[in-house]
Every structure is written in structure tokens, then in C-alpha cells.
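To find a chain, count down the sequence lines: A is the first, B the second, and so on, and within it residues start at 1.
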Amino acid sequence: MEHRYDPRAVELRWQERWAADRTHHAEADPSRPKFYCLEMFPYPSGRIHMGHVRNYTIGDVVARQRRMRGFNVLHPIGWDAFGMPAENAAIERGAHPADWTRDNIAYMREQIRRMGFSYDWDRELATCDPIYYRWEQAFFVAMLERGLAYRRKSIVNWCERCQTVLANEQVEDGKCWRCESVVQERDLEQWFLRITAYADELLAGCDRLSGWPEKVLVMQRHWIGRSTGAELRFPLDGRDGDVRVFTTRPDTVFGATFVSLAVEHPLVGDLSRGTSEEAKVAAFVQKVRVQSPDERAEGKDGVFTGAYCRNPFTGERLPIYAASFVLMAYGAGAVMAVPAHDQRDFEFARAHDLPVRVVVQPDGPPLLAGSMDAAHEGSGTLVASGEFDGLPSEAGKTRITEAAAARGIGRSETQYRLRDWGVSRQRYWGTPIPVVYCERDGIVPVPLAELPVLLPVDAEFTGSGGSPLARLEHFVQTTCPTCKGPARRETDTFDTFMESSWYFLRYTGPENTTRAFDPEAIRYWMPVDQYIGGVEHAVLHLLYARFFTKVLRDLGEIPDWEPPGQTIEPFANLLTQGMVIKDGAKMSKSKGNVVDPDYLIERYGADTARLFSIFAAPPERDLDWSDQGVEGASRFLHRIWRVVARGQAWLAAPLDPAPTDTSDAARTLRRLTHKTIARVTDDIERRNHFNTAVAAVMELVNGYGELIQDEPPADPSLRSAIREAVRTTLVLLAPFVPHITSELWDVVGGGVPLAGTPWPDADPSALVEDVVELVVQVNGKVRGRFTAAPDIADDELLARALADPKVQALVAGKTIRKTHVVPGRLVSIVV
RNA sequence: GCCGGGGUGGUGGAACCGGUAGACACACGGGACUUAAAAUCCCGUGGGGGCAACCCCGUGCGGGUUCGAGUCCCGCCCCCGGCACCA
């Protein structure tokens, strides 16, 4: 053994051995319990960054620890390889996206290997590989046949910089999630996936995902945004037709004093045409349509259309307004306005001098329409509501909805904030959408036997003039699969979130060319037991992946692994790790505050990089980069190395089977060793507190470090306890710093490879305390302390406490009013 | 505005069920070793007071419950994240 720790030499040696032995390969084996540990796969942007190091270190700690625990662990890695940066590189540098991506993967694969992550490289996959994306095309065709995919013209979010459409989830603050340019609206023919058909199931799933952070579930629930209410029809006054509105408050219908339409609502033009209001309305519509959503929200503008409708319950004539804040995309694009019970309507009524009518009376002093300064949005008792007077407003919702249905003027309805997922992208570097357009047969899916539709390699990348695929005539020109006549191919590609919506399923058999999934492999490995990644995917990726899993179940592509009656969910436990921060900002190239993992590995070694990223912060929190922190992690590893090197001559001796004559020093050290086992195990398996697990091992090393000298201690039981402590240290640290611990494990004669060593259980007999320290509180303040055997009776403890001179001084001459004994902890005295 | 998560030494962070606040580490100060430095090792380190034993204060602020509150309750302030005319 070298006396100086040389991380690079040690790490290379072990990495070569692991690769040669395919150490981390796992096969489905129903006779063994499984554990599927997954980290969000990387986009091959060029180099790994500290966020990857952190994410994958956390995952590797879990994977390695579960293996030692006896689980058959699936721990795969792959590449989310389609995406715009590859195409941008092609435009800027002339490199083909395929070459650029392949080279990046090659480099990043080596970086990841150098970190010593225990991936099963036999299962590596890349989403740009036709053997991968052909299945995605097959799923899409199946979805098309089931009506789960459809094409329609719609107003879409368009990013001019990226020259493509964005899904609603990809628009942040009105800006593109990737390049941050302002998103515009365009009217385009697009492919959509009917995620709204799964809204209720996605919502129901949230309730059973107890292994997910509450924060993520809240975000998903809100994104789905289910609200129940009623659709009511307000007949137009003096002409045929009606205005349909959606409301969550049918109980307030008697308080409606006007109706508001979105400016895009078809009735706006129809109703104002030929009236004296026509010009005013047209000008208003014109003004609002060019406004951004923010501006629309800003001014609560509106204009009278010149037309009226009638309240379906009272027959009362109500003016119809066009209002900037009403969204065409939500509900019916029209609302019944109840100023007394909706704050927004209240403000609008004030501004336009419209009446306010109270129909829900809360407990307490009666509301008077004339003296209100805000709407009463809460519950109460219905008043001025005809036959419904006196009902609690909650009951009124149901009763009024039922009445509307009976009279044919409405029905109960559920609305979602969630929109269908637009998946068309006008880009080259993605999965081709497997559809052709035939003049005779219309939209024709490419038959399964003809899949994959390969992405052609000979496209040109100019950055302008639309999608490169659309300009490739030999790609576009094709024959119709049905009539064999001339047809044109779809030239859009899929949103890259499609590929990441099912990769975790494909890892169970990525080499399979005859079918997407082997049901037996899926049944064995799924669900993912621990998923780890950044919280920035809380809605996007995680919602799409849940949706896809449910669709694939319905398409019969995967077996349902859930108990009967439970909705299928892909990720049983989710850990969202925080960002890596330096100088108060997220590490990023544009901010110039990145730390290159290569530099860390070169200078300190992978084990130090791993240890630092685990120890510096608990996983959910942001990690503040600190050069000194890295030094500290490195120092700890050097220290362990030195300690083992010093005692190597005698540490390797076998452990005594059961030391009979045990000294106090040995018992104390054994207690520390086994307490550490208990703490570290709990921290890793239950609490995900990896930082405190490492701290516990540091305490253990502090506890015996100075006992290890060149010569062994004379006391044989202490000698044995030290050997046990050192071995335990290496075993407990193995998931965190696998290279150095493997090396030292050989030095101390560990025998079987460290990674194959069973995770230890704490020995309860070693945990028993000989003496415990108790504190004495007088009037709630700590005034003394004493030690006692742990099993002493309460009244004796009290006597011991009162015997303390300091306590006596405080108690003398006063009456003891109350005492309280917590065994093993404290004695509390009140005087 | 609404919904989450936070606020603890000079710093990152511990304290799991209400029971010794500040584990572990960094930084800093002192010492040992060294010709010197690095490395390493030892000691100290929440604030204030005292020669000392000790005493007082202290987990964003103000109240409360309790023998006992960083932890529970009520009312605020501030920071971070998400959503934001969703009818």
C-alpha cells in the first residue's frame, strides 16, 4: 500500500476492474427483490456540469447501498439526444447534428465513467437511435387510431428564435423556456395528444404518490386545474341562439347582472354588427387582440356590445359585454357576471356602473349591495333567488344545476386548466411524425411494418426558411400507403419531451428490436423505486411521463403493475435535488461561474467530488459551491487513508469471533460503531439525509483515529473493536466514495469485494448504554448534570438530582411545586 | 393576491416524536513539528460579564400553551420557488 493517497491511480484501477467484470449489470430475477434506481438522463450538450455530478452522485449512493442491502438493482443511464442545441450547432459550426451529438455522448460517457457511477452500461440507450424512436412512432400511430392523437388548427405559442411551436408548459413568463425570447401567437395546423382525457386519472394519481414531495404534487394538481360547476345557457334577447357560460358558482345565478365575452368569442362580432356600438366594439377587439396576456390582465377593460341576453332563471334582461380578461381558451369563453360574489366582476361593475345584487347572505350583519367595498366570495344562505331562497349556498350549487338540467338550460360540467399537449415541432433534429398526407385518403398513418420513418441525414442547416425537412423533396415526396398514389410526408418532428416520457420503461430491455417492451421485464422492474432529478421538471417531464405511462397501459404496450383499483404510476418515490449555486447564482455558462467536473477529478479525484456534493447540503436544498468545502472533503479522505496506512500491519488480522473479556474502551468504541451503523442506515434508507450520514461516519473516525498507531494496542478486545470500526467505516462509506474504500478494503483484508459485502445491521447488544448523562433543570433552566445507569428508577433519579450541590443551592428554602423525570434524559424541578 | 418551502454562530449546515441549541465540516485564533513553508497533529472558537466557580442573553419579530419551545398555537416581518384575471 502506498503511504500517500493518489486518487487518480486508485480510481483508474477500480474503474477498469468494474468495467471488465460488468460489475453493475443486472438481469431480471423474480427470485430476488428488485430496486430500480433512476436519475433523469442527461441531454448530451457537450460536457457534464456540477448539477449532473450532484444528481448522479445521489443516485449512485442509493444504488450502491441498495445493492449491499441485497436488492437486485437496476441503475441505467442513457441520452436524451434529440433537441435544438444540436441543430443550432449545425447552423453555427456546420457540424451535422448527428455527429455533434455522437461526439458529445462519447465525451460525456467518459466523464461519467471517471466519476465511478455504478451504471449498467449494457442498457445504455440514445433517443436519436432509430431502434429507440421507431417505438415512439408506433405508439403515436396507435394513439391516432384510438383518437388520442389528433390534428387541428389552433392558436399556438411560436418562438421566432427557435423557429418552432412550444407547448403551454414550455412558455414561462410569456417567454420561451429555452432561449427566453418573447413568444408570439400563430395559427397553425398541429398534432395534439389528448392529455385532457387523462386529467382525472392524473389528478387521482397525485393522491397516492406519497413518495413525492408535496410541492411537486401541488404544482401538478394546480397545473391540471380541475374545477367543477355548470354550463348555463343565457338565451339572446330578440334573436335566436344563446350565450353559453361556464361557472363554478351556479348558486349565484340569480345575482347575475351582465354577461362578459372574450374578445375572440364569435358572438362579439355577430351581436354588435349593425348596432350603434359596432365601431366601438371593433376598435376594442382590435386593441385587445394585439395585447400580451399581461397587458390584458392589467386593464380590466370592457365594452358594451349593444346586445342583451336573458337570465335563464328570471328572464331578466342582461347587457352583454366584451371584456379583456375573459379567456377564449378556458371554459366557454364567456362568463356570467355576479358582481356581489366575484371580486373581478365587482370591479368591472363599478367601472361600468352596472348593478350589484346580493344573493348569498353570510352569517352576521346583512350585506347591502350599495355599501359593499368588495365582493363576498364565501358561502352563506341564498336570498333573492326565488324558489332556492334559504338554501345554504353549497347545496344551492347542486340544486340549481339540477334545476337547469331539468329545464334544458344547462348541465353540470367540469373544466380543466390543462390543455391538450401540442407535440408538433418545426425542427429537424427530432423523431419524424409518422404520417403522410394523401389527396385522396387524407391523413394516413405510416403502417407499423414500414416504421421507422428514418430521419434523413442529408438535410441542410441554414437557420432560416423553415424546417430543413420540408425542403428535402426526396423525403417529402412519397406514396400513400393506402392508395399508392402520390402523397406528402409530414415534415414536423415530435417535441423532445416525447422521448423522455417513456425511456424509463425502455431501460428494462433497450436492445429489443421485435417489440417495445418485454412484459415480464416490465412487470419485474417497474415502477421506478427511486427517481432523482431537478425540480425544474416538476410539471413538464413528470406530468408527460405519468400521462404516457397510462396511455401505454391502455394501448396494451405494458402490463399494469399496480394493485387492482390503483392508477398506474411510473415513479414510486421522487427526490428533487436543488441547484448548484456559486457566488449567489445558479452555475451557468452565461454567468461565467461554472466549475468544471474534469478539473475536480483531475485535481482531487472523483471520490472527493462525490463526497463534497453529498456533504455540503441535504439533497433538496440548493448547494452552495465552496472551494474550501472541496478541500475539506479531500482532507477527510486523505485522513482515512493515513489512518489505515499507519495500522495496516495489524488491522488486516481477522476479527475475533466473540470477544469474551471486553474492556471499557472496547465497549465504548463498539457502541459508537454500532450507533453509527444505525444512524447511517436510517439516514440513507428512510430520510434521504446523505449529508448527516457522512457526518456520522466522520464522528466514528474521530472516535478511533488516534487509537491507531504503528503498534497495535495491547488490549485484545480493543484491538478487535478497532478492526471492526475500521471495516465498518469502509462499508458505510462505500456508496459515497467507492474507489478509496474498495482499495482500503483490500488493505484490511476484507475478502469479498467491498461492493458485494452485505450492508451491516447494528448489534442491539452493542448499543446498550452503561451510563447515561442526565441534566437537571430548575425552573426550566439547565443547572446541573450527573451520570447514572440507564435503568435507575425515577424517584432515585430525582434524589440524585436534588443531591447536586448546585441544585441544592437553588432549591434551598423554597418549596418544590412540581417535578418531572424523563428517564435517560433529564430531571425537571419547579420551585 | 393565492399555494408551497425557508429564516439557527463568521460560513455550509445539525438538532427525526416538545427534552442538554449549534453535531459534522469550513473559516479564524493560539500552540507543536520544520531552517522555512506546505502538509499533519493538539487546543480554542454563539454574544456579553467575571480572577474564578459561575452568571445573564441567544434559533426573524410580538404574544401564548407547557415543568420544558428552534420544534406546537395565534398575530406579524422578510427571503426563495410555483401559479396568477381559469370564471
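Proximity note for A:V218 (side chain, C-beta onward) versus B:rC3, B:rA87, B:rC24: the nearest is B:rC3. Closest to the A:R642 side chain, of the nucleotides B:rC24, B:rC85, B:rC41, is B:rC41. Distances were taken from every side-chain heavy atom of A:Q777 (C-beta onward) to each of B:rG68, B:rG81, B:rG13; the shortest belongs to B:rG68. Nearest nucleotide to the A:M219 side chain, out of B:rG19, B:rG82, B:rC85: B:rG82. Out of B:rA15, B:rA87, B:rC24, the shortest distance to the side chain of A:H689 is found at B:rA15. Looking at the side chain of A:R639, the nearest of the listed nucleotides B:rC41, B:rC67, B:rG81 is B:rC41. Of the candidate nucleotides B:rC16, B:rG82, B:rC67, B:rC16 has the atom lying nearest to any side-chain atom of A:D682. Side-chain proximity of A:R635 to the nucleotides B:rA87, B:rA14, B:rA27 is greatest for B:rA27. For A:K781, the side-chain atoms get nearest to B:rC57 when compared with the rest of B:rC57, B:rG13, B:rG82. Proximity note for A:R621 (side chain, C-beta onward) versus B:rC3, B:rG13, B:rC67: the nearest is B:rG13.
Contact annotation: side chain of A:R686 to base of B:rC16, donor-acceptor pair present below 3.5 Å. Under 3.5 Å, the side chain of A:Q628 and the base of B:rG12 form no donor-acceptor pair of N or O atoms. Between the side chain of A:H820 and the base of B:rG68 there is no donor-acceptor pair of N/O atoms closer than 3.5 Å.
Taking the C1' atoms as reference points, B:rG70 lies 7 Å from B:rU8, given to the whole Å. Distance noted for atom P between B:rU45 and B:rA36: 29 Å (whole Å). B:rC2 sits 32 Å from B:rA15 when the P atoms are compared, rounded to a whole Å. Taking atom C1' in both B:rC72 and B:rC78, one finds a spacing of 22 Å when rounded to whole Å. Remark: the separation of the C1' atoms in B:rU59 and B:rA21 is 7 Å, to the nearest Å. With C1' as the reference atom, B:rC3 and B:rC17 are 28 Å apart, rounded to whole Å.
Summarising the geometry, the separation between CZ on A:R226 and C1' on B:rC3 is reported as 20 Å, rounded to the nearest angstrom. For the pair A:R54 CZ and B:rG12 C1', the computed distance is 12 Å after rounding to whole Å. In this structure, the CZ atom of A:R825 is 20 Å from the P atom of B:rC67, given to the nearest Å. Look at CZ on A:R417: it is 13 Å from C1' on B:rC3, rounded to the nearest Å. Separating the CD atom of A:E536 from the C1' atom of B:rC83 is a distance of 17 Å, rounded to the nearest angstrom.
Pairing for B:rG46 is with B:rC57, a Watson-Crick or G-U wobble pair whose two hydrogen-bonding atom distances lie under 3.5 Å. Base pairing analysis places B:rG1 opposite B:rC83; the two distances defining the Watson-Crick or G-U wobble pair are each below 3.5 Å. Within the shown strands, B:rG12 is the pairing partner of B:rC24 under the Watson-Crick or G-U definition, both distances less than 3.5 Å.
Ring centroids of A:F612 and A:Y604 are separated by 6.0 Å or more, keeping the two rings apart.
Looking at A:W641, its side chain does come within 3.5 Å of a backbone N or O of A:E2 through a donor-acceptor pair.
Note on ring orientation: taking the six-membered ring where Trp is involved, the planes of A:H537 and A:H541 are perpendicular (angle over 60°, cut-offs 30° and 60°). Between A:H376 and A:H341, the ring planes lie perpendicular to each other; the angle is over 60°, past the 30° to 60° tilted range.
Of the side-chain N and O atoms in A:N779, none sit less than 4.0 angstrom from OP1 or OP2 of B:rC67. Of the side-chain N and O atoms in A:N691, none sit less than 4.0 angstrom from OP1 or OP2 of B:rA23. Between A:K215 and B:rG81 there is no side-chain N or O to OP1 or OP2 distance below 4.0 Å. In this structure, A:S227 reaches the B:rA87 phosphate: one of its side-chain N or O atoms is under 4.0 Å from OP1 or OP2. Residue A:R687 places at least one side-chain N or O closer than 4.0 Å to OP1 or OP2 of B:rA15.
Under a 4.0 Å N-O distance rule, the pair A:E214/A:R221 qualifies as a salt bridge. Taking 4.0 Å as the cut-off between side-chain N and carboxylate O, A:K397 and A:E394 count as a salt-bridged pair.
Contact annotation for A:S260: no contact, since no heavy-atom pair falls under 4.0 Å across all strands. If you check every strand for non-hydrogen atoms under 4.0 Å, A:V326 touches a base.
Looking only at side-chain heavy atoms (C-beta outward), A:I58 and A:I614 come within less than 4.5 Å of each other.
Paired with A:Y416 under the rule side-chain contact (heavy atoms from CB on, under 4.5 Å), one option of A:D200, A:T196, A:L202, A:I195 passes, and it is A:D200.
Under the 90° criterion around 0 for the glycosidic angle, B:rG9 counts as syn. The glycosidic torsion of B:rC17 lies within 90° of 0, placing the base in the syn range.
Between A:E706 and A:D624, the residue anchored nearer the 5' end of RNA chain B, judged by the nucleotide with its closest heavy atom, is A:D624. In terms of position on RNA chain B, the residue among A:H638 and A:R344 whose nearest nucleotide sits closer to the 5' end is A:H638.
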